[in-house]
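For reference, the structure discussed in these notes is given below.
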Protein chains: 2
Amino acid sequence: MIGTEIEHLIKLISKLPGLGPRSARRAALHLLKNRESLMLPLSQALGKAAEVIVECPECHNLDTASPCSICASPARDRGILCVVEDIADLWALEKTGSYRGYYHVLGGTLSALDGVGPDDLSIPHLARRAGDERVREVIIALNATIDGQTTAHYISDCLQACNVSVTQLAHGVPIGGQIDYLDDGTLATALKSRKAI
Amino acid sequence: MIGTEIEHLIKLISKLPGLGPRSARRAALHLLKNRESLMLPLSQALGKAAEVIVECPECHNLDTASPCSICASPARDRGILCVVEDIADLWALEKTGSYRGYYHVLGGTLSALDGVGPDDLSIPHLARRAGDERVREVIIALNATIDGQTTAHYISDCLQACNVSVTQLAHGVPIGGQIDYLDDGTLATALKSRKAI
């Protein structure tokens, strides 16, 4: 007895990550109750974004400009490339404000189980970019998971031929973290990588 | 460094119930990765729904038709009115398939704290509908919360003058519920309202 239009809308909303059928119903009702302030602006923003946002051919970031505003920025250090799995990771790093180099978005990690090989990711493209003589360092900022670390090692092997130093993010105790609550792996790594104060 | 269009989109998505800034970012990325299959259809579905869906003047349900398909159905029993707080509750009751009367959506509950009085809800309209001589029974299906029960008592007082029997949903052990895990209030009510087998 829910109308077809509402059912269709709920079905589409429930395809968003983190939303099930019940929360999609709640979201649809919330939208219908806030048509002018939320529903129509969201409809327009979705249409507009789908139209104008393109993938950057350099770093595979998403932006309205091509190349993206990061790749086009002359103020950044062309000597450093930071490899991330996903655009969300790029956003997270940008939010810290402490990185001023360029990025390279892989679009995933190697995974034998899911059948993801090097050619499915932008690894050959990364090797070409790292071959540029201006690039001094490639920072691998992949998740500290099995797939992430496998990919990190594979990339580091691929870049052996290039004249760049390959680094990765430090592992250790998170800022604000309590030692008591940390897992064994993190604690062992933090101990092994200890530094002089 | 996130583009303005994406930031705007994320801000709108994060206004949906149950989505914070981080899940809104995830949802926006998911949408941008599935433009043809999800982003554009969702944009169109939102625009279409905002345009065609109207509130039923009879029961305050939302539908493309006015009066809504429930109020317009001749197969339903005009003698019973079921009072619900929200359209989501109406959908939940319809899904059971075990109610064949009409509905009345209040649009909220009385709440002294939030300054919601009888005139902010559709209670006067309910009293007029219950005054119709064809109506025999008004079922109050409000949440078993303080606000819901206060509203139920208020409505039952309002309908004293009308020639209808006022009932409410039974309270007790939910189907599949384990007695061991039930709260005291539910268990005490279930005991008090015990029935012959």
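FYI, side chains are in, hydrogens and waters are out, and symmetry mates aren't considered; it's all heavy atoms of this structure. Numbers restart at 1 for each chain; the letters A, B, ... are given by sequence-line order, proteins then strands. Everything quoted here is computed from the prediction, not taken from an experiment.
Separating the CD atom in B:E7 from the CH2 atom in A:W91 is a distance of 8.5 Å, to the nearest 0.5 Å.
Heavy-atom contacts from other residues, nucleotides or ligands closer than 6.0 Å to CG of B:N163 number 12 or fewer. A 6.0 Å sphere centred on CG of B:D157 holds more than 12 heavy atoms belonging to other residues, nucleotides or ligands.
Residues A:L42 and B:L42 fail the side-chain proximity criterion, which asks for heavy atoms closer than 4.5 Å.
Among all heavy-atom pairs drawn from B:I6 and A:L62, the shortest one is CD1-O, 3.9 Å. Scanning all heavy atoms of the two residues, the minimum distance from A:M39 to B:L46 falls at CE-O, 3.5 Å. Summarising the geometry of A:L9 relative to B:A49, their closest heavy-atom pair is CD2-CB, 4.1 Å, with the distance given to 0.1 Å. Of all non-hydrogen atoms in B:K15 and A:H30, the two that sit nearest each other are O-NE2, 3.5 Å. The heavy-atom pair separating B:G47 from A:S43 by the smallest distance is N-OG, 3.6 Å. The shortest heavy-atom contact between B:A88 and A:L29 is N-CD1, 3.4 Å.
Looking only at heavy-atom pairs under 4.5 Å with chain A, the residue among B:I53, B:L19, B:L31, B:T64 that has the most is B:I53. Ranking B:C68, B:A45, B:A65 against chain A, the residue ahead of the rest is B:A45, based on heavy-atom pairs under 4.5 Å. Counting heavy-atom pairs closer than 4.5 Å to chain B, the top residue among A:E5, A:R35, A:E36 is A:R35.
For A:I87, the parts lying under 4.5 angstrom from a heavy atom of chain B are both the backbone and the side chain. Proximity to chain B is limited to the side chain of A:K95, based on heavy atoms less than 4.5 angstrom apart. Contact of B:K33 with chain A is made through the side chain alone, with heavy-atom distances under 4.5 Å.
Follow the hydrophobic side-chain contacts under 4.5 Å out from A:L90 and you never reach A:I123; the two are in separate clusters. No continuous path of ILVMFWY side-chain contacts below 4.5 Å connects A:I140 to A:L93, so the two sit in separate hydrophobic clusters. In the hydrophobic cluster analysis, where Ile, Leu, Val, Met, Phe, Trp and Tyr join through side-chain heavy atoms closer than 4.5 angstrom, B:V135 is grouped apart from B:V105. Under a hydrophobic clustering in which Ile, Leu, Val, Met, Phe, Trp and Tyr are joined whenever their side-chain heavy atoms come within less than 4.5 Å, directly or via other members, B:V83 and B:V116 fall into the same cluster. Following chains of ILVMFWY side-chain contacts shorter than 4.5 Å, one cannot reach A:V84 starting from A:L121, and the two form parts of different hydrophobic clusters.
A salt bridge between B:R26 and A:D86 is absent, with no side-chain N of the basic residue lying under 4.0 Å from a carboxylate O of the acidic one.
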